[in-house]
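In what follows, a single structure is set out as structure tokens and then discussed.
Residue numbers start from 1 in every chain, and the chains themselves are labelled A, B, ... in the order their sequence lines are given, proteins ahead of strands.
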Amino acid sequence: MLQLSYIRENKEDVLKRLAIKNFKDAESIIDSILKLDDNRKLAQRQADDVKAEANGLAKQIGEMMKSGKKEEAETLKLKTTELKQHEKQFDDQLKAIEAEIQKLLVTVPNTPNLTVPKGKTPEDNEVVNEVGVIPVLHDKAVPHWELTTKFNLIDFELGVKLTGAGFPVYKGKGAKLQRALINYFLDKATSKGYNEVQVPILVNADSGYGTGQLPDKEGQMYHCQVDDLYLIPTAEVPITNMYRDVMLKESDLPIKNCGYTPCFRREAGSYGKDVRGLNRLHQFDKVEIVQITQPEKSYETLETMREFVCSLLQDLELPYRTLKLCGGDMSFGSALTYDLEVWSAAQQRWLEVSSVSNFETFQTNRLKCKYKDANGKTQFAHSLNGSALALPRIVASLLENNQTVDGIKIPKVLVPYTGFDFID
RNA sequence: GGAGAAAUGGCAGAGUGGUCGAUUGCGGCAGUCUUGAAAACUGUUGUACCGUGAGGUACCUGGGGUUCGAAUCCCUAUUUCUCCGCCA
């Protein structure tokens, strides 16, 4: 959520940036917000004045009662009854305006960084680099959904029976490979100073609002209505919300957390060949990294996070490319996002495996996560997060890229974790 | 799941209808003393909003109510603790 004072002071800049994100009706919404805020100020002043008067009278009544001037007190009481009605009226008015402002404010996306490329579709994303060698497969090479069946690694049909499409059952070496990747990712993150946390995978609505999934992505999350809890779409939600309503000290920063969780996404509206096999699932595993930093350090931090994720892909010997997302392809709350995509050799396409973003104060404003700087001034911290990494598409490209006529090679770095170096 | 108790500032913990944004201690910050530090002593120390300012308003877990006036009384939600039951 943008800060109202920031919008007021930088209206032109905000509009210019929102245009990069192709946010429709930006000007009319911003104008409505500012106008409502003017009304809010007026309403508060009226409410405060009435309350001040009532408070003063109550104090007088108290003194009169004490000194035995009962009759005078009774006359004053009559006066306050009238004031009370005004008070309620102004209060209701104020509350209504505030609710209206909030309702509009949460629909405004974060302002992108000025270096974000203009554009509307994934085709407009800027390719930052391409690393690694695209493998040339043998004649009989097949996509991963055939390999997982052939080597009995994943049973998609069984998942359909247990739950539905998009909930695969991993078996044998397939299951072990999952565990190996998770452990490898966590070990590497903790070796870089990230503190490992294990968090709930169901969160309440406050947490959903805190990181911006609500109200923007309401329909994308599984919702347990009986208890009004949401299954997390990413560990970002619980991990970042650990700092909701928290006042940090500057010496606490940067905060670096990592955590493994399953992730749940309804993916309403997705279908077709792009969702085959492991390409798009309703439940998948992911290790997430989250940082909270001082504002002036967040972009530097974003780069180190991106480099960290790249190092994982290099270790896994997967060819990848880095994209700087254009305004139209960025998420609601992000100010700058890098996507990392691995090459899927049998499908002949790039698969997104990580998204690394700087949210600046967009989340911390909602979370009310502040810190005291060296001058004793409190201000919002910046929050960042990135996938490091999401498993399914990593598995897809590992299997496809490393297939030989006899079986599948496991990258060296994973062998200590899997206990095998070949699947056949 | 049943019965009871509780929720106050960064922390601990007073406060049971008016003079309470809230005693006190610890912690933090500043100063005195000291070569420096510790100890001791002195002062200071919540957040948000409105107002050019003086100042005003709100907040004692959240929400509602009673009252001229609520941290204090009532209702409700949530959480915690104790006892009982159940249980990976």
Side-chain angles (χ1 to χ4, degrees), chain A residues 1-9 33-106 198-210 214 224-230 238 241-253 255 292 361 363-381:
Chain A
M1 188 165 66
L2 296 177
Q3 291 167 256
L4 224 163
S5 56
Y6 181 82
I7 296 178
R8 187 172 281 288
E9 283 159 30
I33 290 173
L34 291 177
K35 199 169 172 191
L36 280 167
D37 193 42
D38 287 336
N39 295 343
R40 189 200 107 247
K41 288 181 182 182
L42 182 68
Q44 180 171 348
R45 205 158 156 191
Q46 290 171 322
D48 283 0
D49 284 349
V50 176
K51 283 178 191 173
E53 196 179 345
N55 285 347
L57 287 176
K59 210 169 233 178
Q60 281 182 42
I61 293 172
E63 277 159 22
M64 286 174 182
M65 297 294 250
K66 214 171 248 178
S67 54
K69 298 177 188 161
K70 285 223 168 116
E71 280 164 36
E72 284 178 51
E74 288 303 322
T75 11
L76 269 190
K77 272 193 193 179
L78 290 176
K79 208 168 161 189
T80 53
T81 326
E82 193 188 330
L83 274 181
K84 257 184 94 176
Q85 281 172 358
H86 289 287
E87 197 177 320
K88 178 134 178 53
Q89 196 185 322
F90 286 131
D91 260 350
D92 290 347
Q93 197 186 343
L94 185 60
K95 268 186 200 166
I97 296 172
E98 278 173 348
E100 217 171 320
I101 292 174
Q102 187 70 11
K103 205 170 140 194
L104 283 180
L105 212 47
V106 294
Q198 207 174 75
V199 290
I201 57 180
L202 282 117
V203 294
N204 56 30
D206 281 348
S207 293
Y209 278 98
L214 292 175
C224 307
Q225 300 200 347
V226 181
D227 296 295
D228 195 21
L229 295 173
Y230 295 84
N241 269 281
M242 296 197 300
Y243 303 94
R244 171 151 50 85
D245 295 319
V246 167
M247 175 72 82
L248 296 161
K249 287 181 288 216
E250 187 157 24
S251 57
D252 295 332
L253 303 175
I255 287 168
I292 304 209
T361 61
Q363 292 182 329
T364 52
N365 183 27
R366 291 183 172 214
L367 294 164
K368 295 197 199 78
C369 171
K370 301 181 180 179
Y371 76 101
K372 250 191 177 83
D373 68 16
N375 304 320
K377 202 183 131 205
T378 58
Q379 56 176 311
F380 289 116

Side-chain (A:Thr364) to main-chain (A:Phe380) donor-acceptor, under 3.5 angstrom: no

Considering every strand shown, what is the Watson-Crick or G-U wobble mate of [N] when both distances are under 3.5 Å?
N     : answer
B:G25 : B:C11
B:C60 : none
B:A5  : B:U80
B:C33 : none
B:G18 : B:C68
B:A38 : none

Do any N or O atoms of the protein come closer than 3.5 Å to N or O atoms of nucleotides 18-22 of chain B, and which pairs are they?
unit_1: B:G18; atom_1: N2; unit_2: A:Ala58; atom_2: O; d: 2.7
unit_1: B:U19; atom_1: N3; unit_2: A:Lys66; atom_2: NZ; d: 3.3
unit_1: B:U19; atom_1: O4; unit_2: A:Lys66; atom_2: NZ; d: 2.4

From A:Ile101 atom CD1 to A:Ile97 atom CD1, the distance as rounded to the nearest 0.5 Å: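 Here the interatomic distance stands at 7.0 Å.
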
Separation of A:Glu63 CD from A:Leu76 CG (nearest 0.5 Å): 11.0 Å

Ionic contact status for A:Lys95 with A:Asp91, cut-off 4.0 Å: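 Judged by the 4.0 Å cut-off on N to carboxylate O distance, A:Asp91 and A:Lys95 do not form a salt bridge.
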
Electrostatic pair A:Glu87:A:Lys84 at N-O distance under 4.0 angstrom: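 Looking at A:Glu87 and A:Lys84, the cut-off is not met.
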
In whole Å, what is the span from the [atom1] atom of [X] to the [atom2] atom of [N]?
X        : N     : atom1 : atom2 : answer
A:Gln102 : B:C49 : CD    : P     : 13 Å
A:Leu4   : B:C49 : CG    : P     : 10 Å
A:Met247 : B:A48 : CE    : P     : 7 Å
A:Asn204 : B:G62 : CG    : P     : 16 Å
A:Gln379 : B:U47 : CD    : P     : 14 Å
A:Asp92  : B:G64 : CG    : P     : 10 Å
A:Asn365 : B:A48 : CG    : C1'   : 13 Å
A:Lys77  : B:G17 : NZ    : P     : 17 Å

5' precedence on RNA chain B between A:Lys88 and A:Lys51 (nearest-nucleotide basis): A:Lys51

Comparing A:Lys370 and A:Lys84 on RNA chain B - which has the more 5′ nearest nucleotide: A:Lys370

With [atom1] as the reference atom in both, quote the distance from [N] to [M] in angstrom, rounded to an integer.
N     : M     : atom1 : result
B:U24 : B:U8  : C1'   : 14 Å
B:U45 : B:U23 : P     : 11 Å
B:G13 : B:G69 : P     : 33 Å
B:C73 : B:G17 : P     : 8 Å
B:A22 : B:G56 : P     : 12 Å
B:C59 : B:G4  : P     : 31 Å
B:G1  : B:C50 : P     : 44 Å
B:U32 : B:U47 : C1'   : 32 Å

Side-chain N or O of [X] versus OP1/OP2 of [N]: is the shortest distance under 4.0 Å?
X       : N     : answer
A:Asn55 : B:U57 : yes
A:Arg45 : B:U57 : no
A:Lys41 : B:G56 : no

Closest nucleotide among B:G56, B:C50, B:A48 to the A:Arg40 side chain: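 Nucleotide nearest to A:Arg40's side chain: B:C50.
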
A:Arg45 atom CZ: more than 12 heavy-atom contacts under 6.0 Å: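 Atom CZ in A:Arg45 is not packed in, count stays at 12 or less.
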
Nearest non-hydrogen partners of A:Gly210 and A:Asn241, listed with the distance: CA-OD1, 3.9 Å

Heavy-atom pair with the smallest gap, counting every atom of A:Thr361 and A:Ala381: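 Looking at all heavy atoms of both residues, the closest pair is CG2-O, 3.8 Å.
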
Working for side chain to side chain contact (heavy atoms under 4.5 Å, CB included), residues A:Ile292 and A:Leu253: CA-CA 7 Å; A:Ile292 304 209; A:Leu253 303 175; 4.0 Å; yes

Touch class at under 4.0 angstrom, heavy-atom based, for A:Lys368 against every strand present: nothing

Sugar-phosphate only, base, or nothing, as touched by A:Lys95 at under 4.0 Å among non-hydrogen atoms: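 Contact class for A:Lys95: sugar-phosphate only.
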
Side chain to side chain contact (heavy atoms under 4.5 Å, CB included) evaluation trace for A:Leu248 with A:Lys370: CA-CA 6 Å; A:Leu248 296 161; A:Lys370 301 181 180 179; over 6 Å; no

Flag side-chain contact, heavy atom, 4.5 Å: A:Ile7 against A:Leu105: yes

Close side-chain approach of A:Tyr371 to A:Gln379, heavy-atom, < 4.5 Å: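 Side-chain contact under 4.5 Å: yes.
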
Distances for protein N/O vs nucleotides 71-80 of chain B N/O pairs under 3.5 angstrom?
none

